[in-house]
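When a ligand or atom number is given, it counts from 1 through the structure's own listing order.
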Amino acid sequence: MPAMDTPQRYGTLTRALHWGVAALVVWQLTTATVTSLAEDSWLDELLWATHKPTGFSILVLMVLRLGWALVNHARRPASVSALARLGHIVLYALLLVIPSIALLRQYGSGRSFEPFGLPLMSGFESGKIEWLMAPANLLHGWLGWTLFVLALVHVLMAFHRRFSRKAEDVLPRMLDVPPRH
Ligand code: HEM
Ligand code: HEM
């Protein structure tokens with residue numbers, strides 16, 4: 001079944017989740033960069049409204065992705081090195097933790113949150129819950145920038161492996177491109 005992973009290649013569902021999350025992460029990088037360089041500019045006003053719903057979508061896709069990765073664990077392609085394996089685990093962890101602590105902060109703020117019109121949090125009047133807000137206040141931005149740097153290293157490694165004669169090309173595992181040789 002092409003949806004399932006095999007030791008040679010990731011299946012269609014793993015690929016769809018990988019490229020879907022990758023596109024949303026690029027979008028988060030854009031909104032975070034604009035807000036940090038040009039806060040309250042017209043561009044920030046336009047883009048920032050999408051940051052929270054996009055982050056929420058990443059979390060939903062990542063929960064599905066984690067479940068699907070566990071289902072496919074025994075048959076997906078083997079990691080090329082212990083470092084690659086660790087890198088992928090850290091990417092999963094960041095993609096789950098960053099939006100989760102942001103949602104806790106959102107809840108703790110007492111403000112309503114309705115991504116795509118979904119009544120997720122109705123908000124309350126009784127004051128903020130500080131301990132729910134503390135983790136994201138401390139870490140959300142820093143972990144976010146760390147994720148972007150790590151994702152960039154990941155992309156550079158994928159292309160390095162594609163073009164280095166000594167390394168194994170892993171791109172055909174995730175994308176329908178002809179093998180290098
Ligand atoms: C994987 C998903 C996410 C990533 C990678 C991400 C990344 C970032 C980054 C890098 C910043 C710092 C921008 C700066 O330095 O000015 C930031 C800020 C912020 N994000 Fe996210 N975010 C994600 C999800 C979310 C979600 C789900 C919410 C809310 C529900 C959220 C709410 C905020 C808020 C309120 C700020 C401004 C305050 C702060 O810097 O902590 N983010 N985000
Ligand atoms: C141009 C952009 C990208 C390229 C060319 C790319 C390429 C690849 C390739 C070739 C693999 C398979 C590696 C192997 O099996 O050894 C892979 C896996 C992976 N990639 Fe990417 N990637 C890109 C963007 C991203 C982004 C933005 C993220 C997340 C922030 C990401 C997260 C992952 C993870 C966690 C895996 C492990 C397999 C899985 O469970 O999906 N990738 N990527």
message = Under a 3.5 Å threshold, yes or no: a donor from one side chain and an acceptor from the other, between T50 and W27?
response = yes
request  = Please write down residue, atom name and distance for the protein heavy atom closest to atom 40 (O) of ligand 2.
outcome  = Y92 OH, 2.5 Å
request  = Answer whether the closest heavy-atom distance between the side chains of R161 and L171 falls below 4.5 Å.
outcome  = no
ask   = Any N/O of W145 closer than 3.5 Å to an N/O of ligand 1?
value = yes
note = The option among V80, L91, I58 carrying the non-hydrogen atom nearest to atom 32 (C) of ligand 2 is L91
key: Closest candidate by heavy atom, reference atom 1 (C) of ligand 2, pool V170, D169, V155, L175   = V155
note = For R65, the atoms of ligand 2 under 4.0 Å from one of its heavy atoms are 32 (C), 33 (C), 34 (C), 35 (C), 36 (C), 39 (C), 41 (O)
query = What are the atoms of ligand 1, with element, lying closer than 4.0 Å to any heavy atom of L103?
reply = 30 (C)
task = Describe, in one word, how the ring planes of W145 and F148 are oriented to each other, choosing from parallel (under 30°), tilted (30 to 60°) and perpendicular (over 60°).
result = perpendicular
message = Using a 4.0 Å cutoff against the non-hydrogen atoms of Y10, which atoms of ligand 2 qualify?
response = 12 (C), 14 (C), 15 (O), 38 (C)
Numbered atoms and elements of ligand 2 in range of A151, under 4.0 angstrom, heavy atoms = 30 (C)
remark   = Note: ligand 1 atoms sitting under 4.0 Å from heavy atoms of L147 are 5 (C)
note = Ranked by distance from atom 25 (C) of ligand 2, the top protein heavy atom is H154 CD2, 3.5 Å
message = Is it the case that ligand 1 has an N or O less than 3.5 angstrom from some N or O of W48?
response = no
key: Nearest-neighbour protein heavy atom for atom 4 (C) of ligand 2, which is reported as residue plus atom name and distance   = W19 CH2, 3.5 Å
remark   = At under 4.0 Å between heavy atoms, what of F148 touches ligand 2? The answer is neither
Residue and atom name of the nearest protein heavy atom (relative to atom 9 (C) of ligand 2), distance in Å to one decimal = M174 CB, 3.8 Å
task = Can you label the angle between the H154 ring and the H88 ring as parallel, tilted or perpendicular, going by 30° and 60°?
result = perpendicular
remark   = L171 heavy atoms within 4.0 Å reach ligand 2 at atoms 5 (C), 10 (C)
task = Answer yes if a protein heavy atom lies under 4.0 Å from atom 21 (Fe) of ligand 1, otherwise answer no.
result = yes
message = Please determine whether a side-chain nitrogen of the Lys or Arg among E168 and R173 lies less than 4.0 Å from a carboxylate oxygen of the Asp or Glu.
response = yes
key: Closest approach to atom 21 (Fe) of ligand 1 by H51, given as the N, O or S atom name   = NE2
query = Would you say ligand 1 has an N or O under 3.5 Å from any N or O of H140?
reply = yes
key: Heavy-atom nearest neighbour of atom 36 (C) of ligand 2 within options R173, M157, H88   = H88
remark   = Of all protein heavy atoms, the one nearest atom 26 (C) of ligand 2 is A22 CB, 3.9 Å
ask   = About how many Å separate CG of L95 and CG of L66, when rounded to the nearest 0.5 Å?
value = 11.0 Å
Contact check: T14 vs ligand 2, nitrogen or oxygen atoms, below 3.5 angstrom = no
